[in-house]
Amino acid sequence: DFYLRAMPQYYLTTREGLAEAIRLFRRALELDPGFASAATAAGVCHMLNVALSYSNDPQFDRKEAVRLLRLALSIDDSDPETLARASVTSAFMVGDSEAEIEMADRAVALNPNSWITWQCRGHVYRIAGLPEEAIRSFERAIRMSPVDPRLYTTLTGIGQALIELRRFDEAIVVLKKSLRQNLSYLATYRLLASAFAHLGRGAEAREAAARVLEID
């Protein structure tokens with residue numbers, strides 16, 4: 001019950017939502033220390049605090065993210081969603097590309113019909129410097145769950161990979177689509193500001209950057 005109550009807060013991906021999700025995931029773990037899904041989900045929240053610059057103590061959040069992903073893997077290293085979330089948390093917090101790609105690939109092999117496994121694989125491959133493969137994974141995630149409540153994160157991932165490929169016009173189209181799913185996701189505006197700036201569209205870049213500061 002605590003885990004299920006945490007999920008809507010996690011989906012918000014706001015500073016306050018992640019703080020409440022962590023509290024509820026931790027309560028679930030207190031009641032069931034063998035609940036791997038709660039451990040990985042809490043770890044993802046700590047990771048997002050760092051990635052989205054929400055954290056007041058990034059070092060603490062990094063350590064907690066890594067501790068919780070290791071705890072989850074020690075409980076169950078054969079569950080595809082646990083593997084997927086652990087791989088993406090490790091990609092952001094640790095940076096062992098070979099191990100993270102292996103985990104992400106194993107997750108999709110165990111459940112190729114999961115949005116989570118393909119979504120996480122996309123982030124892992126993008127962070128590893130393989131944006132083309134990242135885009136293929138994100139597109140597969142969209143096919144798996146075309147109305148997913150966190151679809152905006154998938155679209156934002158595609159946008160970031162396109163920026164890394166210097167395909168700025170395409171990135172802007174995808175990032176604007178992401179905004180139609182969620183108007184308050186900080187990362188989307190950051191990337192829009194970058195894409196507009198690369199194209200010399202200064203006014204639009206400043207507008208996106210101003211929106212970043214409005215949100216946080």
Legend entry - Rounded distance [0.5 Å steps], CG in Asp169 versus CZ in Arg167: 11.0 Å

Inset, instruction - Look at atom CZ of Arg211 and say whether more than 12 heavy atoms of other residues, nucleotides or ligands are closer to it than 6.0 Å. - result: yes

Legend entry - Over all atoms of both residues, closest heavy-atom pair of Glu164 and Pro131: OE1-CB, 4.2 Å

Legend entry - Nearest heavy atoms of Leu68 and Gly43, plus distance in Å: CD1-N, 3.7 Å

Legend entry - Closest non-hydrogen atom pair between Ala72 and Thr40, with its separation: CB-CG2, 3.1 Å

Inset, instruction - Return yes if a side-chain donor-acceptor contact under 3.5 Å exists between Ser178 and Thr156, otherwise no. - result: yes

Inset, instruction - Ignoring hydrogens and angles, tell me if any N or O in the side chain of Thr89 forms a donor-acceptor pair with the backbone of Ala86 under 3.5 Å. - result: no

Legend entry - Under 3.5 Å: donor-acceptor pair, side chain of Ser53, backbone of Asn49: no

Inset, instruction - State whether the number of non-hydrogen atoms from other residues, nucleotides or ligands found under 6.0 Å of Glu207 atom CD is greater than 12. - result: no

Inset, instruction - Quick one: pull up OH in Tyr185 and CG in Leu12 and give me the separation to the nearest 0.5 Å. - result: 12.5 Å

Inset, instruction - Determine yes or no for a side-chain-to-main-chain donor-acceptor pair under 3.5 angstrom, with Arg106 supplying the side chain and Asp77 the backbone. - result: yes

Inset, instruction - For this output row, return yes or no: ring centroids of Phe2 and Phe25 closer than 6.0 angstrom. - result: no

Inset, instruction - Please answer: with hydrophobic residues joined when any side-chain heavy atoms are less than 4.5 Å apart, are Val44 and Tyr54 in the same cluster? - result: yes

Legend entry - Euclidean distance, Ile127 CD1 relative to Ser90 OG, rounded to 0.5 Å: 9.5 Å

Legend entry - Derivation of the side-chain contact (heavy atoms from CB on, under 4.5 Å) call for Phe168 and Leu162: CA-CA 7 Å; Phe168 303 117; Leu162 288 168; over 6 Å; no

Legend entry - Contact check, side chains of His46 and Arg62, non-hydrogen atoms, under 4.5 Å: no

Legend entry - side-chain contact (heavy atoms from CB on, under 4.5 Å) evaluation trace for Leu191 with Ile163: CA-CA 8 Å; Leu191 293 166; Ile163 287 172; 3.9 Å; yes

Inset, instruction - Keeping the roles fixed (side chain from Ser87, backbone from Ala84), state whether a donor-acceptor pair exists under 3.5 Å. - result: yes

Inset, instruction - Flag the pair Tyr125 / Ile101 as yes when at least one side-chain heavy-atom distance between them is below 4.5 Å, and no otherwise. - result: yes

Inset, instruction - Check whether the side chains of Arg150 and Tyr10 place a donor and an acceptor atom closer than 3.5 Å, and report yes or no. - result: yes

Inset, instruction - State, yes or no, whether a side-chain contact exists between Arg121 and Val88 at a heavy-atom distance under 4.5 Å. - result: no

Legend entry - Joint cluster assignment, Leu192 & Leu165, ILVMFWY side-chain distance < 4.5 Å: no

Legend entry - Spatial distance of atom OG1 (Thr188) from atom OH (Tyr152) [nearest 0.5 Å]: 8.5 Å

Inset, instruction - Decide yes or no for Arg15 and Asn56: does some side-chain heavy atom of the first lie under 4.5 Å from some side-chain heavy atom of the second? - result: yes

Legend entry - Closest non-hydrogen atom pair, Gly159 against Ala171: O-CB, 3.6 Å

Inset, instruction - Spell out, as yes or no, whether a donor-acceptor pair under 3.5 Å connects the side chain of Ser145 to the backbone of Ile142. - result: no

Legend entry - Summary of salt bridge (Lys or Arg N to Asp or Glu O under 4.0 Å) pairs that have at least one residue in residues 21-32, sequence neighbours excluded: Glu20-Arg23, Arg26-Glu64, Arg27-Glu30

Inset, instruction - Answer yes if the side chains of Glu81 and Ser37 hold a donor-acceptor pair under 3.5 Å, and no otherwise. - result: no

Inset, instruction - Would you kindly confirm whether Val147 and Met144 end up in one hydrophobic cluster when ILVMFWY residues are joined by side chain heavy atoms under 4.5 Å apart? - result: no

Inset, instruction - Considering non-hydrogen atoms only, spot the tightest contact between Ala193 and Ala208 and give its length. - result: N-CB, 3.7 Å

Legend entry - Side-chain heavy-atom pair Gln181, Thr153 within 4.5 angstrom cut-off: no

Legend entry - Between CD1 on residue Ile75 and CG on residue Leu29, distance to nearest 0.5 Å: 6.5 Å

Legend entry - N/O donor-acceptor pair under 3.5 Å between Thr117 side chain and Asn111 backbone: yes

Inset, instruction - Consider only side-chain heavy atoms of I, L, V, M, F, W and Y, link residues closer than 4.5 Å, and tell whether Leu24 and Tyr11 are in one cluster. - result: no

Inset, instruction - Could you grab the distance from atom CD1 of Ile158 to atom CZ of Arg126, nearest 0.5 Å is fine? - result: 12.0 Å

Legend entry - pair Leu199-Ile172: side-chain heavy atoms closer than 4.5 Å: yes

Inset, instruction - Determine whether Phe92 and Val50 make a side-chain contact, defined as any pair of heavy atoms from C-beta on separated by less than 4.5 Å. - result: no

Legend entry - Aromatic plane relationship, Phe138 with His123 - under 30° parallel, 30 to 60° tilted, over 60° perpendicular: perpendicular

Inset, instruction - Taking the side chain as every heavy atom from C-beta outward, state whether Leu151 and Leu155 have any atom pair closer than 4.5 Å. - result: yes

Legend entry - Distance-only donor-acceptor check, side chains Thr154 and Trp118, under 3.5 Å: no

Inset, instruction - Ignoring hydrogens and angles, tell me if any N or O in the side chain of Thr82 forms a donor-acceptor pair with the backbone of Ser78 under 3.5 Å. - result: no

Inset, instruction - Evaluate side-chain contact (heavy atoms from CB on, under 4.5 Å) for Gln9 paired with Ile22, printing each intermediate quantity in order. - result: CA-CA 9 Å; Gln9 300 298 320; Ile22 288 170; over 6 Å; no

Inset, instruction - Might you confirm whether atom CD of Glu214 has over 12 heavy atoms from other residues, nucleotides or ligands at distances under 6.0 Å? - result: yes

Legend entry - Linked, directly or transitively: Met7 and Met47 (ILVMFWY side chains, under 4.5 Å): yes

Legend entry - Smallest separation among heavy atoms of Tyr3 and Ala41, with atom names: CE1-CB, 4.3 Å

